[in-house]
Amino acid sequence: MEQEHLGEQLLLRRQKLKELRAQGVEPYGLKYPVSHSAREVKEGFAILEGKTVRLAGRMLTRRGHGKACFANIQDGSGQVQIYIRLDNVGDEQYALFQNLDIGDIIGCGGAVFKTRTGEITVNVETFTLLSKALRPLPEKWHGLKDVETRYRRRYADLLANPEVRRVFILRSKIIQAMREFLTGKDFLEVETPVMHTVTGGATARPFVTYHNALDLDLYLRIATELHLKRLVVGGLERVFELGRIFRNEGISTSHNPEFTSVEIYQANADYEDMMELMEKMVLAIAQQVLGSNQVIYQERELDFSLPWPRKKLIDLVNEITGIDFREISGDVEARKIATSRGLEPGKGSTWGEILFRFFEEYCEDKLWGPVFVQDYPVDVSPLARRCDEDAAFTYRFECFMAGKEIANAFTELTDPLDQRERFQQQVQKRAGGDEEAHMMDEDFLNALEYGMPPTGGLGIGIDRLVMILTGSTSIRDVILFPTMRPKELDQELNLSKDDIK
RNA sequence: GGGCCAUUAGCUCAGCUGGCAGAGCACCUGACUUUUAAUCAGGGUGUCCCAGGUUCGAAUCCUGGAUGGCUCACCA
């Protein structure tokens with residue numbers, strides 16, 4: 001019997017629902033003519049005292065006293081107490097109220113007053129059931145703790161845990177502040193395709209999908225870079241795109257298969273301009289959203305005050321590992337050094353790749369930041385312009401906070417011939433089995449051949465930035481519905497017709 | 001993918017060396033007209049994640065599996 005899967009409480013609530021309908025009470029009403037939010041009632045008490053207000057929300061607690069009853073109602077703005085008494089509403093309504101369950105959504109109206117313990121309260125004269133809750137709410141004191149349930153049923157998480165709500169409100173404000181900052185500097189927000197015929201702009205494995213009418217494999221984008229640069233070629237000199245990126249890779253506390261990035265391109269700029277843009281933007285966001293230049297992350301302070309330190313990658317590796325790559329010449333010697341440090345370099349590993357590897361292995365997690373690490377080897381930067389002073393390096397930087405890479409940026413490579421060569425190297429790697437290497441993008445090269453102005457580009461991982469600014473240690477805590485393996489439990493939530501009867 | 005850990009009532013959690021499945025909140029019955037984690041009296045509502053095995057007897061021990069968390073690998 002399907003009904004056996006429902007606990008006693010779930011059955012009882014279904015029973016109550018049936019009884020309400022039998023009494024002519026509709027348990028799923030239409031909108032209630034709300035006059036004030038819970039917060040407005042509390043903040044406006046001086047003016048509202050004695051006046052009638054109407055509010056709607058979910059009943060979270062109830063304290064019955066026989067012929068009178070207190071309850072707390074929560075709406076989007078917060079909670080407020082209501083008070084209902086038999087001699088105000090009559091037998092029938094009072095019985096109806098007592099039959100409500102915690103979790104039910106009601107609308108109610110009455111005069112605002114203060115109880116003798118000083119709590120601002122609405123003295124209910126009328127109320128309506130707006131939505132009957134068939135499931136009990138998570139526990140009022142401890143909230144919903146089970147991490148798996150929190151991610152799978154974010155609605156219950158949001159209902160029960162105010163701090164979760166706070167994080168997602170902050171996330172929205174951070175993105176809004178970023179958008180305002182950029183549009184305020186004449187950047188144009190654009191939308192480029194999510195489905196690509198050729199992937200590029202990052203080293204990552206893509207998701208593949210299929211279009212029936214075109215009989216075509218399509219890739220979900222792994223970056224927005226190559227399309228945005230096409231737009232710069234087209235004369236849109238300042239563009240940005242905030243949007244979802246998909247990478248078919250592992251899941252961890254800092255990786256979700258779909259995540260949000262912002263990429264920003266500015267003609268007639270270089271990577272130093274991008275550093276300035278980044279530090280100013282993040283500082284502005286912190287000030288606007290947190291009201292502070294600092295944030296405490298993992299019990300340690302991160303200070304966004306300007307300017308942020310800048311370090312050359314090669315110097316950083318020297319500082320931390322004691323190995324000066326300037327004194328290592330050639331791939332063979334580099335591989336020897338790597339082997340001696342237990343890094344097991346691949347057969348064809350180059351000097352630049354190994355330098356980068358040393359950085360990743362020994363330096364990244366020590367960068368508390370915020371800090372800009374600049375001038376990456378050309379071998380690992382196929383879309384960045386070479387440095388004039390040394391063609392083995394590029395004008396590229398990454399920004400680190402709390403040991404995590406938050407942003408990646410460069411003076412863009414605008415030379416179509418150099419770009420073609422770099423693609424060709426990537427294609428070779430791909431042929432050698434590297435599924436993350438770039439594909440040849442002829443149309444992008446075609447665009448570059450029309451001539452692209454000197455351009456600075458910057459990409460920021462929004463989720464990670466939000467983690468830092470909200471003090472979250474897992475990316476799942478800043479993504480409303482993180483990717484989860486489906487569970488048969490989902491079927492448990494699908495009630496058969498038998499249950500509803 | 002590897003390692004470690006977790007999974008018991010709607011929720012938060014106990015449950016020892018194997019011996020009748022427990023508490024708080026929620027829920028049900030009753031009392032109570034200014035309480036606020038309301039209070040008081042009574043009631044346990046369960047596929048102990050799943051499947052095997054050991055045993056007279058398994059929530060507990062063993063094997064396999066599922067899901068999740070952390071971590072390593074990979075990445076951003």
Side-chain angles (χ1 to χ4, degrees), chain A residues 1 4-13 15-16 60-72 79-89 94 99-103 113-121 123 133-153 156-157 159-161 201-205 222-223 245-261 263 360-361 364 398-400 404-408 434-436 459-465 467 473-477 482 484-490 492:
Chain A
M1 286 279 285
E4 280 170 332
H5 291 287
L6 295 176
E8 183 204 32
Q9 285 191 57
L10 283 79
L11 285 171
L12 264 165
R13 290 193 179 208
Q15 187 62 32
K16 280 188 183 177
L60 292 190
T61 59
R62 183 172 47 184
R63 297 170 291 281
H65 291 264
K67 297 188 177 63
C69 185
F70 290 93
N72 282 78
Q79 288 187 31
V80 70
Q81 177 170 266
I82 64 171
Y83 176 59
I84 185 163
R85 39 193 294 162
L86 177 65
D87 50 16
N88 280 351
V89 298
Y94 193 74
N99 199 35
L100 292 177
D101 289 305
I102 287 179
F113 75 110
K114 217 176 232 184
T115 64
R116 65 175 162 223
T117 50
E119 176 120 2
I120 295 164
T121 304
N123 189 4
L134 295 181
R135 286 179 183 276
L137 246 38
E139 213 237 5
K140 65 179 172 190
W141 196 242
H142 300 93
L144 179 63
K145 285 221 173 103
D146 183 75
V147 200
E148 184 173 352
T149 310
R150 286 186 42 228
Y151 295 152
R152 286 188 195 278
R153 304 190 194 173
D157 189 26
L159 274 178
N161 299 321
T203 50
R205 275 187 5 220
I222 56 173
I245 302 291
F246 308 85
R247 296 191 184 173
N248 204 342
E249 280 158 2
I251 293 179
S252 77
T253 46
S254 45
H255 299 83
N256 195 63
E258 52 177 309
F259 63 102
T260 303
S261 81
E263 286 192 34
E360 286 185 308
E361 207 72 36
E364 273 194 6
E398 290 185 322
C399 175
F400 288 85
K404 294 185 200 344
E405 182 194 333
I406 302 292
N408 182 23
D434 184 351
E435 288 182 72
E436 293 177 354
I460 302 175
I462 297 291
D463 310 276
R464 289 183 178 179
L465 181 63
M467 283 170 70
T473 52
S474 170
I475 199 167
R476 289 177 216 106
D477 291 326
M484 302 282 275
R485 203 187 289 272
K487 212 177 174 186
E488 306 92 78
L489 195 107
D490 288 345
E492 234 174 78

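This structure is a prediction, so every number in the text was calculated from the model and none was measured. Letters A, B, ... mirror the listed sequences (proteins, then strands); counts begin at 1.
By the 4.5 Å heavy-atom criterion applied to side chains, Pro136(A) and Leu10(A) are counted as neighbours.
When heavy atoms are screened at a 4.0 angstrom cut-off, Ser261(A) is found touching no nucleic acid atom at all. Residue-level contact check: Glu436(A) touches the backbone only, with heavy atoms under 4.0 Å from sugar-phosphate atoms and none from bases. The residue Asp101(A) sits close only to the backbone: its heavy atoms come under 4.0 Å of sugar-phosphate atoms, none of a base. Counting any heavy atom pair closer than 4.0 Å across all strands shown, Asp463(A) reaches no nucleic acid atom. Across all strands, Lys16(A) comes closer than 4.0 Å only to sugar-phosphate atoms, never to a base (heavy-atom distances). Contacts of Thr149(A) with the nucleic acid, taken as non-hydrogen atoms under 4.0 Å apart, are absent. Within the nucleic acid shown, Arg476(A) comes within 4.0 Å of sugar-phosphate atoms alone, with no base atom in reach, counting heavy atoms only. Ile102(A) comes within 4.0 angstrom of the backbone, heavy atoms only, and of no base. The residue Asn256(A) sits close to a base: some heavy atom pair falls under 4.0 Å. Using a 4.0 Å heavy-atom cutoff across all strands shown, Gly64(A) reaches at least one base atom of the nucleic acid.
The side chain of Arg464(A) places no N or O atom within less than 4.0 Å of a non-bridging phosphate oxygen (OP1 or OP2) of A76(B). At the phosphate of G68(B), OP1 or OP2 sits under 4.0 Å from a side-chain N or O atom of Arg485(A). Between Arg152(A) and the phosphate of U67(B), there is no side-chain N or O to OP1/OP2 separation shorter than 4.0 Å. When the side-chain nitrogen and oxygen atoms of Ser252(A) are compared with OP1 and OP2 of C74(B), none of them lie within a distance under 4.0 Å. In terms of phosphate contacts, Thr253(A) brings no side-chain nitrogen or oxygen within less than 4.0 Å of OP1 or OP2 of C70(B). Between A38(B) and Lys140(A), a contact under 4.0 Å exists linking OP1 or OP2 to a side-chain N or O.
The side chain of Leu10(A) lies closest to G10(B), out of A73(B), G10(B), C28(B). Distance from the side chain of Tyr151(A) is smallest for G69(B) among the nucleotides G69(B), U33(B), C11(B). You'll find that the side chain of Pro138(A) is closest to C11(B), out of C11(B), U33(B), A26(B). Comparing U34(B), U35(B), G69(B) by their nearest atom to the side chain of Arg63(A) picks out U35(B). Nearest nucleotide to the Arg13(A) side chain, out of U45(B), A26(B), U67(B): A26(B).
Figure legend. U54(B) is base-paired to no nucleotide; pairs are counted as Watson-Crick or G-U wobble with both atom distances under 3.5 Å. Across all strands shown, U7(B) forms a Watson-Crick or G-U wobble pair, both distances under 3.5 Å, with A66(B). In this entry G44(B) has no Watson-Crick or G-U wobble partner, no candidate having both defining distances under 3.5 Å.
Look at Trp141(A) and the base of G24(B); the rings do not stack under the cut-offs of 5.5 Å between centres and 30° between planes. Stacking of Phe259(A) onto the six-membered ring of A76(B) is present: less than 5.5 angstrom between centres, less than 30° between planes.
Applying the side chain to side chain contact (heavy atoms under 4.5 Å, CB included) rule to Thr115(A) yields the partners Phe70(A), Gln81(A), Phe113(A), Thr117(A), Glu119(A), Thr121(A); only residues at least two apart in sequence or on another chain are considered.
Using atom C1' as the reference point in both A58(B) and G15(B), the two lie 14 Å apart (nearest Å).
No N or O donor and acceptor, one from the side chain of Glu405(A) and one from the base of A76(B), sit under 3.5 Å apart. Residue side chain Asp146(A) does not reach the base of U12(B) through any donor-acceptor N/O pair under 3.5 Å, judged by distance alone. Under 3.5 Å, the side chain of Glu119(A) and the base of U34(B) form no donor-acceptor pair of N or O atoms.
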